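Just so it is clear, the values below take in all heavy atoms, side chains as well, and ignore hydrogens, waters and symmetry mates. Numbering of residues begins at 1 and proceeds along the displayed sequence. First listed ligand is number 1; within each ligand, the first listed atom is number 1. It should be emphasised that the depicted structure is a prediction, and the values quoted were computed from it without experimental measurement.
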Amino acid sequence: MARNKIALIGAGQIGGTLAHLAGLKELGDIILFDIVEGTPQGKALDIAESSPVDGFDAKLSGVNSYAGIEGADVVIVTAGVPRKPGMSRDDLLGTNLKVMEQVGAGIAKYAPNAFVICITNPLDAMVWALQKTSGLPANKVVGMAGVLDSSRFSHFLAEEFNVSIKDVSTFVLGGHGDTMVPLVRYSTVAGIPLPDLVKMGWTTKDRLDQIVQRTRDGGAEIVGLLKTGSAFYAPAASAIQMAEAYLKDQKRVLPCAAQLNGEYSVDNLYVGVPVVIGANGVERIVEIELDSGEQAMLDKSIESVRGLVEACQKLAPNLGA
Ligand SMILES: NC(=O)C1=CN([C@@H]2O[C@H](COP(=O)(O)OP(=O)(O)OC[C@H]3O[C@@H](n4cnc5c(N)ncnc54)[C@H](O)[C@@H]3O)[C@@H](O)[C@H]2O)C=CC1
Ligand SMILES: O=C([O-])CC(=O)C(=O)O
């Protein structure tokens with residue numbers, strides 16, 4: 001059987017890390033695409049030259065033409081610009097929306113059957129735009145954010161409790177911004193919900209609130225430290241988990257930005273919710289029961305995503321509703 005083909009649109013910090021991880025995991029042959037000449041070619045060759053050391057079989061190549069992504073099974077999009085200190089993700093909207101128009105056209109022409117994972121920020125608006133510009137069915141176009149935000153939340157909790165990361169399970173819903181909703185009640189250590197761990201004296205409500213806030217600010221914390229760009233190792237690992245779930249039909253339940261059509265009382269908007277990812281892309285949207293406080297936080301987050309999509313519609317009325 002021929003190997004899967006994985007196309008990475010954008011060969012910057014995340015794109016290069018995605019290529020390396022996809023190679024190490026032998027997910028398929030890898031094409032890096034970028035508008036900058038030499039960058040995708042150089043990264044592809046560098047990673048290919050590491051394959052004898054790590055012993056993985058994957059063909060890697062770099063291209064500057066969309067024809068190179070022809071027939072891709074998975075497309076992961078990081079094309080665009082990242083933020084710098086002092087900026088919010090939303091400041092990237094105008095620049096990255098134009099990039100999504102080009103990328104969507106390239107995918108529509110050369111990889112219309114692919115499972116597309118968008119990473120470019122502001123995530124929920126960019127994945128909305130990418131679905132419109134590519135015209136692919138909504139179950140084949142998802143955004144990566146919830147896996148990353150949950151991974152950050154889990155990491156902070158494992159550190160707080162001094163337990164293995166393997167025993168921590170968390171869910172973060174909503175838009176990928178300041179209003180994201182880390183779901184404390186549905187997050188557990190070895191199956192024990194966080195509120196019970198507070199009762200058991202493992203931590204305090206105040207400490208938990210601080211960890212929730214650190215999760216919300218997780219992206220900005222890295223931007224503040226790096227100064228030249230944003231996080232890339234954990235974002236790449238998160239998108240690879242989603243790609244693997246699709247390619248191996250794993251039916252993983254992962255928080256992703258998915259198009260809602262009535263679920264959570266939302267229509268035609270991409271918002272982070274738990275979904276099942278398998279061979280048919282987004283196979284199911286999981287509607288969790290929320291209490292009034294959680295629902296209020298999710299509503300606020302949805303409104304913020306709606307505002308960003310409206311800004312996109314003003315800038316590019318051709319994208320439609
Ligand atoms: N969804 C999430 O959770 C996260 C999203 N991000 C976002 O991912 C994006 C990429 O981040 P990095 O890889 O760190 O940035 P980067 O600047 O290292 O890489 C972006 C690449 O896109 C390329 N590019 C720019 N315009 C293009 C176009 N029209 N067509 C094709 N390629 C184009 C650039 O040449 C560059 O190589 C940013 O928008 C960032 O904000 C970053 C981290 C997490
Ligand atoms: O914060 C940023 O700009 C990049 C990002 O989305 C993240 O790391 O969560």
ask   = If we only count N/O pairs under 3.5 Å, is Asp149 in contact with ligand 2?
value = no
task = Identify, for atom 9 (C) of ligand 1, the protein heavy atom at the shortest distance, and state residue, atom and that distance.
result = Thr78 O, 3.6 Å
ask   = If we only count N/O pairs under 3.5 Å, is Val81 in contact with ligand 1?
value = yes
key: Closest non-hydrogen atom pair between Leu18 and Ala239, with its separation   = CD2-CB, 3.9 Å
request  = Check whether the ring centres of Tyr186 and Phe171 lie less than 6.0 Å apart, and answer yes or no.
outcome  = no
request  = Provide the number and element of each atom of ligand 2 under 4.0 Å from a heavy atom of Ala231.
outcome  = 8 (O)
task = Please report the closest heavy-atom contact between Ala125 and Leu308, naming both atoms and the distance.
result = CB-CB, 3.9 Å
query = Does ligand 2 have an atom that lies less than 4.0 angstrom from a heavy atom of Arg152?
reply = yes
ask   = Of Gly12, Pro82, Pro122, which has the heavy atom at the shortest distance from atom 17 (O) of ligand 1?
value = Pro82
key: Polar atom proximity, Arg83 to ligand 1 (N or O, under 3.5 Å)   = no
ask   = Is a salt bridge present between Lys251 and Asp249, judged by a nitrogen-to-oxygen distance below 4.0 Å?
value = yes
ask   = Taking atom 2 (C) of ligand 1 as the point of reference, which of Glu101, Gln102, His176 owns the nearest heavy atom?
value = His176
task = Go through the side-chain N and O atoms of Thr170 and Ser187 and say whether any donor and acceptor fall under 3.5 Å apart.
result = no
message = Between ligand 1 and Val36, is the shortest N or O to N or O distance under 3.5 Å?
response = no
ask   = Should you measure from each heavy atom of Gly219, which atoms of ligand 2 turn up under 4.0 Å away?
value = 1 (O), 7 (C), 8 (O), 9 (O)
Sub-3.5 Å N/O-N/O distance, Gly80 and ligand 1 = yes
message = Quick test of your reading: applying ring-ring contact (aromatic ring centres under 6.0 Å, His included), list the pairs with at least one residue in residues 251-273, sequence neighbours left out, ordered by first then second residue.
response = none
query = Relative to atom 26 (N) of ligand 1, which among Leu92, Val127, Ile35, Leu226 owns the nearest non-hydrogen atom?
reply = Ile35
ask   = Is Asp178 atom CG crowded by more than 12 heavy atoms from other residues, nucleotides or ligands, each under 6.0 Å away?
value = no
ask   = Which heavy-atom pair separates Ile30 from Gly23 by the least distance, and what is that distance?
value = CD1-N, 3.5 Å
query = Got an N/O contact under 3.5 Å between Ala145 and ligand 1?
reply = no
request  = Considering non-hydrogen atoms only, spot the tightest contact between Asn139 and Phe115 and give its length.
outcome  = O-CE1, 3.9 Å
message = Which of the numbered atoms in ligand 2 are under 4.0 angstrom from any heavy atom belonging to Ser230?
response = 2 (C), 3 (O), 4 (C)
message = Looking at every non-hydrogen atom in both residues, tell me the closest pair between Ala245 and Leu254 and how far apart they are.
response = CB-CD1, 4.4 Å
ask   = How close does the nearest protein non-hydrogen atom get to atom 35 (O) of ligand 1, and which residue and atom is it?
value = Asp34 OD1, 2.7 Å
key: Note, Leu269 side chain near Leu260 side chain (heavy atom, < 4.5 Å)   = no
query = Is the closest heavy atom of Thr39 to ligand 1 under 4.0 Å?
reply = no
Lys43 bridged to Asp46 by N-O distance under 4.0 Å = no
task = Report the part of Arg89 (side chain from C-beta onward, or backbone N, CA, C, O) that has a heavy atom under 4.0 Å from ligand 1; answer both or neither where that applies.
result = neither
Which segment of Asn96 sits under 4.0 Å of ligand 1 when only heavy atoms are counted = side chain
ask   = Do you know the tightest heavy-atom contact between Lys227 and Lys84?
value = O-CD, 4.1 Å
message = Any salt bridge linking Arg306 with Glu303? Criterion: basic side-chain nitrogen under 4.0 Å from a carboxylate oxygen.
response = yes
key: Close-contact set for ligand 1 against Leu148 heavy atoms, below 4.0 Å   = 3 (O), 44 (C)
query = Which heavy atom of the protein is the closest neighbour of atom 32 (N) of ligand 1, given with residue, atom name and distance?
reply = Ala79 CB, 3.4 Å
ask   = With backbone taken as N, CA, C and O and side chain as the heavy atoms from C-beta onward, which portion of Ile14 lies under 4.0 Å from ligand 1: side chain, backbone, both, or neither?
value = both
note = Within the 4.0 Å heavy-atom cut-off, what Ala231 brings close to ligand 1 is backbone
query = Do the non-hydrogen side-chain atoms of Asp209 and Lys205 ever get within less than 4.5 Å of each other?
reply = yes
query = Just heavy atoms, cut-off under 4.0 Å: does Ile119 contact ligand 1 by side chain, backbone, both, or neither?
reply = both
ask   = Is the CZ atom of Arg284 crowded by more than 12 outside heavy atoms at less than 6.0 Å?
value = no
inquiry  = Just to check, does Asn121 reach to within less than 4.0 Å of ligand 2 when the distance is taken from its heavy atoms?
reply    = yes
task = Just jot down the ligand 1 atoms closer than 4.0 angstrom to any heavy atom of Phe33, in number order.
result = 31 (C)
ask   = Hey, looking at atom 6 (O) of ligand 2, which of Glu221, His176, Met144, Met87 has the closest heavy atom?
value = His176
query = N/O of Tyr66 under 3.5 Å from N/O of ligand 1, yes or no?
reply = no
query = Nearest protein heavy atom to atom 3 (O) of ligand 2, by residue and atom, and its distance?
reply = Arg83 NE, 2.6 Å
inquiry  = Just to be sure I read this right, does ligand 2 sit under 4.0 Å from the backbone of Ile222, its side chain, both, or neither, counting only heavy atoms?
reply    = neither
query = In terms of residue, atom name and distance, what is the protein heavy atom nearest to atom 6 (N) of ligand 1?
reply = Asn121 ND2, 3.3 Å
ask   = Going through the checks in order, is the side-chain hydrogen bond (donor to acceptor under 3.5 Å, both in side chains) test met by Gln210 and Asp206?
value = CA-CA 6 Å; Gln210 282 167 22; Asp206 278 358; 6.0 Å; no
query = Relative to atom 18 (O) of ligand 1, which among Gln13, Lys43, Arg152, Met100 owns the nearest non-hydrogen atom?
reply = Gln13
message = For residues 129-150, which residue pairs pass the ring-ring contact (aromatic ring centres under 6.0 Å, His included) check, not counting sequence neighbours?
response = none
